[in-house]
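Notes follow once the structure below has been shown.
First the proteins, then the strands, lettered A, B, ... as listed; each starts at 1. Quick note: numbers below take in every heavy atom, side chains included, and nothing from hydrogens, waters or symmetry partners.
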There are 2 protein chains.
Amino acid sequence: MTLRDVPFRPIDGDVTIRVRAAGICGTDLQILQGYAAFSGIPGHEFVGVVEAVSAPDDARWLGRRVVGEINVGCGRCAFCRSGTKEHCTDRTVVGIRGRDGAFAELLSLPAANLHGVPDAVDDRAAVFVEPVAAACRVLEQIDVAGRRAAVVGDGRMGLLVAQVLRTRAPDVTVFGRHARKLTIARQLGLGTHDPAAPDPPHAFDIVVDVTGRADGLHRALALVRPRGVVVLKSTFHGEAALETWPIVVDEVSLIGSRCGPFPAALDLLASGQVTVAPLVSRVAALEEHEAALSQARRELKVIFGMPGANLPGV
Amino acid sequence: MTLRDVPFRPIDGDVTIRVRAAGICGTDLQILQGYAAFSGIPGHEFVGVVEAVSAPDDARWLGRRVVGEINVGCGRCAFCRSGTKEHCTDRTVVGIRGRDGAFAELLSLPAANLHGVPDAVDDRAAVFVEPVAAACRVLEQIDVAGRRAAVVGDGRMGLLVAQVLRTRAPDVTVFGRHARKLTIARQLGLGTHDPAAPDPPHAFDIVVDVTGRADGLHRALALVRPRGVVVLKSTFHGEAALETWPIVVDEVSLIGSRCGPFPAALDLLASGQVTVAPLVSRVAALEEHEAALSQARRELKVIFGMPGANLPGV
């Protein structure tokens, strides 16, 4: 079965979006390995144009280029009523849980989840709104201003998180193990740690682990100072063997971090404070999804681009 | 070798304290099993009377009944200069690291670490100042007011933490597995969870794990709500196998918590907001330390009481 073979399943009350481009994320690769027991169409980073609406009130979205928040809550629980639908127990999540995703020509989503995309954000940048929003979530959770910050992981998410932290922290150091990706980090103006040098122990106020591996958390805990903060930004499946006593003795805070604010992400991309061009390794057609997903395991960002999408420089 | 056989080793510049009573804590039991590679006299919960001083300025402490903060910093590093000597890299810690402890007749400590004990706090209560201060640390780290709070662990530290949380939170539920200790929790006016009933999933805003076991952390993570806080209050040695992805998906904060403010602890004990009488299982003489330490592995609080100490009701 290819992604094209799954028929479009519109959801009652939603708008229908014609996808222009969609990015492959680590979570998609995990889902294809069985995580979350999700059997629908994956893909939750996208930009598209609204093609049809269910409700007359939503007609203003018709023809607009949009990105979309990925959590759809029940609308009734305490989380939904307090504006945190991403923690609704009954939520569906685009391409992750109970709702088809964006690796398709058409996508169904409630109008309430949509954000219009300004002209300053082209399709290539718009694909990154969802992960940049997730990176911006860190700024909502902790005070980064003036702190010594490190990012463990030099992949696509690491290079976004580092750029977002740099909007508040004077210098941000990326720890990775891929010379090629660290070179791109430096091209983005980020500091990098020499993979051949020993890690500076307890040198950072804030360390964000975006490796999605157990050893990333270990490394982050060794890099953070006493009373510092480690942010867990990527999911890792399987058990990590963790010594917890240093967390107690050093009074470290370990904070899980997931989805974030789309308006902040659109602002950072429109103003160029977050740059995505060097992160795009390849644009693939939907028909090539097997090769594209395989390449996404090794490369930075691989994007599905539909005919007519504005994906400059590729 | 018995504890009595270790000669008193006064430290230059310190005051000398004649110990009146000292409590056995889980950390002491771990130290005796090899934790922290500490080979001196253990014991860090104590009350005593200042018997000698090194500096004329410290003469005002002579003859006073005191408790003492256990961390002694270098006095020069950024942590010491900011008043957080408990994170000084070169610190010594009474009975834990580089400095003899209180399971002895005499104890050496800098005068700067001392707090006078008011008459309203008898020797039995004063022994609990250090662990109650550690419990009060949670109130410095997170806002407990009006939150649904749970404590996992029904041991001596759990029953102190629960009482301290109750000074700010309307109701606090203790989760344990010892009927006898849970009965004492109820005598203290605390809520308890029936060990035979299933745990309510994600029911608490704040969960403090004081079990000192890997499964305590697992249980705490299952009890806390999305965006809630789990406080790790006791050290556990050895690796815990931990699934970290629920921390990310639920955006849980996991916060290590160690030493706390002595003045707050003295206030809570003096006012009776924290009650210790039901927690004391036995008072032992120093000569009986082997039996006492063994009993401390099963019972709530076991205290070494010196001749003349004021330990009512025992």
Side-chain angles (χ1 to χ4, degrees), chain A residues 27 30 35-36 78-79 82 84 86-89 91 93 96-97 134 137-138 140-142 201-202 209-210 212-214 216-218 221 224-260, chain B residues 27 30 35-36 78-79 82 84 86-89 91 93 96-97 134 137-138 140-142 201-202 209-210 212-214 216-218 221 224-260:
Chain A
T27 303
Q30 291 179 331
Y35 160 52
F79 284 112
S82 65
T84 47
E86 61 269 36
H87 290 293
C88 168
T89 309
R91 69 184 177 275
V93 186
I96 296 175
R97 179 166 152 169
R137 174 71 183 137
V138 179
E140 291 182 335
Q141 293 177 291
I142 57 174
H202 308 300
D209 171 28
V210 290
R213 294 190 313 273
L217 175 55
H218 288 156
L221 288 169
V224 77
R225 69 163 170 82
R227 295 201 177 169
V229 179
V230 170
V231 179
L232 276 177
K233 194 65 224 178
S234 59
T235 49
F236 158 77
H237 289 84
E239 291 183 334
L242 186 66
E243 287 268 14
T244 57
W245 67 263
I247 296 173
V248 177
V249 170
D250 287 341
E251 296 194 303
V252 168
S253 294
L254 188 65
I255 299 180
S257 178
R258 211 173 98 224
C259 298
Chain B
T27 302
Q30 292 179 332
Y35 160 52
F79 284 113
S82 66
T84 47
E86 61 270 36
H87 290 294
C88 168
T89 310
R91 70 186 178 274
V93 187
I96 295 175
R97 179 166 153 169
R137 174 72 184 135
V138 179
E140 292 182 335
Q141 293 177 291
I142 57 174
H202 308 298
D209 169 30
V210 289
R213 294 189 314 273
L217 175 55
H218 289 154
L221 287 169
V224 76
R225 69 162 170 84
R227 294 202 178 169
V229 178
V230 169
V231 179
L232 276 177
K233 194 64 223 180
S234 59
T235 50
F236 158 76
H237 288 85
E239 290 182 333
L242 185 67
E243 287 268 13
T244 57
W245 66 265
I247 296 174
V248 177
V249 171
D250 287 341
E251 296 193 303
V252 169
S253 294
L254 187 64
I255 298 180
S257 179
R258 210 172 98 224
C259 299

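Closest approach of B:Phe79 and B:Cys88 over heavy atoms only: CB-N, 4.0 Å. Contact record, B:Ser234 with A:Val248: O-CG2, 3.8 Å, taken as the closest heavy-atom pair. Taking each heavy atom of B:Ser257 and B:Val138 in turn, the nearest pair found is OG-CG2, 3.8 Å.
We find the CG-CG distance between B:Leu254 and B:Leu217 to be 5.5 Å, quoted to the nearest 0.5 Å.
In terms of heavy-atom pairs under 4.5 angstrom with chain B, the leader among A:Ile255, A:Thr84, A:Leu242, A:Asp250 is A:Leu242. Comparing B:Glu251, B:Arg227, B:Arg258, B:Arg225 by heavy-atom pairs within less than 4.5 Å of chain A, the highest count is held by B:Glu251. Looking only at heavy-atom pairs under 4.5 Å with chain A, the residue among B:His202, B:Gln141, B:Lys233, B:Arg137 that has the most is B:Arg137. Heavy-atom pairs under 4.5 Å with chain A were tallied for B:Ile247, B:Val249, B:Val252; the largest tally goes to B:Val249. Interface check for chain A: of the options B:Thr244, B:Val230, B:Val229, B:Thr89, the most heavy-atom pairs under 4.5 Å are formed by B:Thr244.
Judged by distance alone, the side chain of A:His218 and the main-chain N or O of A:Glu243 form no donor-acceptor pair under 3.5 Å.
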